[in-house]
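Below, chain A is the first sequence line, B the second, and so on; all start at residue 1. Predicted model, so just to flag it, every value in this text is computed and none were measured.
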Amino acid sequence: MQKPSLPKGTRDFGPIQMARRNFILETIKDTFQLFGYQQIETPAMENLSTLTGKYGEEGDQLLFKILNSGDFLKKVDLKDLSEGAAATLPKVAEKGLRYDLTVPFARYVVMNRNELTFPFKRYQIQPVWRADRPQKGRYREFYQCDADVVGTDSLVCEAEIILMIRRVFLGLGISDYSIKINNRKILTGISEVIGEAGKEGPLAVAIDKLDKIGWEKVRQELTERGFNDEAVQKLGPLVEASTQEIDHLAFLKIFLAGSEIGLQGVKELEETFEIMQTMGQDLAKVQLDMVLARGLSYYTGAIFEVKVNQVSIGSVSGGGRYDNLTGVFGLSGVSGVGFSFGVDRIYDVMEELGLFPQEDSQGTQVMLAYFDEKGFNYALNILTLLRAAGIRSEIYPDQSKMKKQLDYASKKGIPYVGICGDEEIANKTLALKNLTSGIQENWTLDQVIDHFSGV
RNA sequence: GUGAUUGUAGCUCAGCUGGUUAGAGCGCUGGUUUGUGGCACCAGAGGUCGCCGGUUCGAACCCGGUCUUUCACCCCA
């Protein structure tokens, strides 16, 4: 006999967890649909050529590769082996598990460009896999809920992303959180005005850690990454301003005065906020974060990140605009913007904050219990009638002691048990017992149906 | 990928510098209660101490490897 086990970083979801996950999923789905997004799905596996090179060097390492079927070694020769893993890999694996939903979506858009009506708004809720080392709030298999719109560069999309995030969090009962927003063009502008044009990549990576490790450490990292002292010096006022309660847009207009692209980024943010105002919306929870960077290299415009306050979990949602994601698949000039909710992290956050409702709203409402064959037959009849009336009900399947039957209902959290004994059969009633209060009354079937239909 | 950390009954954990048959609480099964769960009392079942190897007269305990858990870095939902 072998001990059963799970692969590292994966989990089973039991009935309670699934009820909770479905609650989160339904809230998100409902919101996406309300905003006009249509659902699609793509395969769990993609050709490796679709996936590699889209997430940076680190990302390629985190891809799960699928060994070719059959004799996977037949194309490998000794020379490949002597050259190491990088040379051998393409010959033994040509498929991989998807790393996110955005790249498969880009692939889908390009392959179906003639059938799709643009702007195309799609949502997608599926698991993704990363060969990461698991830790708190980080799994090797987890769900993403993406909503993206491609084929328009309208800033209405950016505004609507903010509105969708707010609606979902309202529905989930999460109230203390911030939607951080920035624009890659602003980061490009910053690198220009400090005299390190073209280095926004490393600048972004370093500056993103500001609230985590502090200015001193970031400064060190920048120097290590080859930024000269003068440039780092020039960054000082920005870092200071980012922590102060001032009008960041106004600050950026001055700070980025010498950078056309930087000012363009500021303008985009400004317009996004104006659109929201025209829609009659305020900017609650929205926070312009001048040092928000995000790692993914394909972002070119707005970038988002959502952090729930007072919890130890990382960001629960993120996204941004990408101008040329479909370009690598041969369709250029299509701008897209989208974001993603991490269900597993939202789950962890809600658990940490104790936000899940106690009772299960989809569980059985009544269980039928009985003492003997006669009662069993009577109960089977009643069961059909209850279900016909739309009442979630079940019968204890084995003839056994009343104690056992009640125990089962009690443990399963079923609130009512309908007991079928000789007396009840004779009077055409049910002895309906409330398991919370312990009170038991004899009710006619009509009364029972009335009672539960009203709930 | 780098550096730590964890693993003993279904669950949460004790287990002394290595020394007979490895314990507790909760849970589980049965009983006190043959038309009634929760509470109480009584009895019982359940463990190759993650796995493999080594040191030792003797290993849950020491050493090596491996898997797993958690955490930091990197990166990210």
Side-chain angles (χ1 to χ4, degrees), chain A residues 1-11 24 28 55-63 85 98-102 125-146 165 204-206 208-209 212-213 217 221 293-297 299 303-308 312-320 338-349 367 369-372 374-375 396 399-425 431-442:
Chain A
M1 199 189 76
Q2 55 166 2
K3 231 182 205 173
S5 63
L6 282 173
K8 190 200 285 243
T10 66
R11 302 141 303 151
I24 299 172
I28 292 171
Y55 311 105
E57 210 174 309
E58 297 258 359
D60 286 354
Q61 277 195 320
L62 297 180
L63 286 171
R98 73 166 99 79
Y99 178 91
D100 72 357
L101 301 178
T102 310
I125 298 177
Q126 291 188 271
V128 303
W129 295 269
R130 296 183 187 178
D132 215 349
R133 274 224 199 167
Q135 52 181 272
K136 186 165 193 171
R138 175 176 295 192
Y139 308 98
R140 291 183 130 181
E141 176 184 61
F142 62 98
Y143 271 70
Q144 287 193 329
C145 308
D146 269 40
I165 292 171
V205 172
D208 192 43
K209 298 175 194 161
K212 211 168 161 187
I213 60 175
K217 290 252 174 81
E221 190 169 330
R294 291 187 58 76
L296 285 179
S297 46
Y299 292 125
I303 42 185
F304 304 95
E305 190 161 287
V306 182
K307 175 90 180 69
V308 178
S312 55
I313 318 262
S315 66
V316 294
S317 175
F339 74 113
S340 177
F341 287 110
V343 187
D344 306 82
R345 284 195 176 171
I346 291 175
Y347 186 104
D348 290 345
V349 163
M367 186 193 84
Y370 50 89
F371 299 101
D372 50 24
K374 227 170 116 197
Y396 193 85
Q399 258 186 59
S400 52
K401 290 185 194 168
M402 187 50 57
K403 178 183 166 75
K404 209 163 177 191
Q405 301 185 49
L406 286 171
D407 215 38
Y408 169 84
S410 188
K411 278 182 186 146
K412 198 170 167 181
I414 299 172
Y416 288 92
V417 172
I419 298 169
C420 307
D422 290 345
E423 252 177 71
E424 286 76 20
I425 297 171
L432 194 70
K433 185 179 174 86
N434 178 331
L435 288 192
T436 317
S437 63
I439 296 167
Q440 183 174 328
E441 289 177 278
N442 272 46

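With P as the reference atom, rG38(B) and rU32(B) are 14 Å apart, rounded to whole Å. Comparing the C1' positions of rA9(B) and rG27(B) gives a spacing of 11 Å, expressed to the nearest Å. Atom C1' of rG50(B) sits at a distance of 15 Å from the matching atom of rU5(B), rounded to the whole Å. Rounded to the nearest Å, the gap between the C1' atom of rG64(B) and that of rG19(B) is 24 Å. Rounded to the nearest Å, the gap between the C1' atom of rG18(B) and that of rC57(B) is 12 Å. Comparing rU48(B) with rA22(B), their C1' atoms are spaced 13 Å from each other, to the whole Å. Nucleotides rG15(B) and rG25(B), compared at atom C1', are 15 Å apart to the nearest Å. Between rA14(B) and rG23(B), the distance separating the two C1' atoms is 7 Å to the nearest Å.
Within the 4.5 Å cutoff, the side chain of Lys404(A) has heavy atoms near those of the Tyr396(A) side chain. At a threshold of 4.5 Å between non-hydrogen side-chain atoms, the residues Ser315(A) and Arg345(A) count as touching.
No engagement by Phe341(A) is indicated, since no non-hydrogen atom pair under 4.0 Å with the nucleic acid exists. Counting non-hydrogen atoms under 4.0 angstrom, Ser315(A) reaches the backbone sugars and phosphates but no base. Looking at heavy-atom distances under 4.0 Å, Ser317(A) makes contact with sugar-phosphate atoms alone, never a base. Residue Gly438(A) is in base contact, counting any heavy-atom pair closer than 4.0 Å across all strands shown. At the heavy-atom level, Glu424(A) lies under 4.0 Å from base atoms of the strands shown. Nucleic acid contact for Gly319(A): none, since no nucleic acid atom lies under 4.0 Å from a heavy atom of the residue. Across all strands shown, Lys433(A) has heavy atoms under 4.0 Å from base atoms, whether or not it also approaches the sugar-phosphate. Thr436(A) comes within contact range of at least one nucleobase, with a heavy-atom separation under 4.0 Å. Residue contacts shown for Gly59(A) are absent, as no nucleic acid heavy atom lies under 4.0 Å away. Across all strands, Lys209(A) comes closer than 4.0 Å only to sugar-phosphate atoms, never to a base (heavy-atom distances). The residue Glu423(A) sits close to a base: some heavy atom pair falls under 4.0 Å. Nucleic acid contact for Ile313(A): none, since no nucleic acid atom lies under 4.0 Å from a heavy atom of the residue.
Look at CD1 on Ile346(A): it is 19 Å from P on rC76(B), rounded to the nearest Å. Rounded to whole Å, the distance from OH on Tyr370(A) to C1' on rG35(B) is 15 Å.
Proximity of a side-chain donor or acceptor of Arg130(A) to a complementary backbone N or O of Gly59(A) within less than 3.5 Å is not detected.
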Legend entry - Trp129(A) and Arg98(A): CA distance, side-chain angles, deciding distance, side-chain contact (heavy atoms from CB on, under 4.5 Å) verdict: CA-CA 6 Å; Trp129(A) 295 269; Arg98(A) 73 166 99 79; 3.6 Å; yes
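Taking the ring centroids of Phe304(A) and Phe339(A), they lie at or beyond the 6.0 Å cut-off.
Nearest to the side chain of Lys411(A), among rU29(B), rG37(B), rC76(B), sits rU29(B). Taking the side chain of Gln440(A) as heavy atoms from C-beta on, and the options rC28(B), rG35(B), rC71(B), the nearest nucleotide is rG35(B).
Stacking here means ring centres nearer than 5.5 Å and ring planes tilted less than 30 degrees, and by that measure Phe142(A) stacks onto rA77(B).
rC41(B): Watson-Crick or G-U partner is rG31(B), with both key distances under 3.5 Å. Judged by Watson-Crick or G-U wobble contacts below 3.5 Å, the nucleotide rA24(B) has rU12(B) as its partner.
Comparing Gln135(A) and Gly318(A) by the nucleotide of RNA chain B that holds the closest heavy atom to each, the one mapping nearer the 5' end is Gln135(A). Residue Ser410(A) is the one, among Arg130(A) and Ser410(A), whose nearest nucleotide of RNA chain B lies closer to the 5' end (criterion: closest heavy atom).
Checked by distance alone, Arg133(A) brings no side-chain donor or acceptor within 3.5 Å of a matching partner on the base of rC75(B). A donor N or O paired with an acceptor N or O is not found under 3.5 Å between the base of rU36(B) and the side-chain atoms of Gln405(A).
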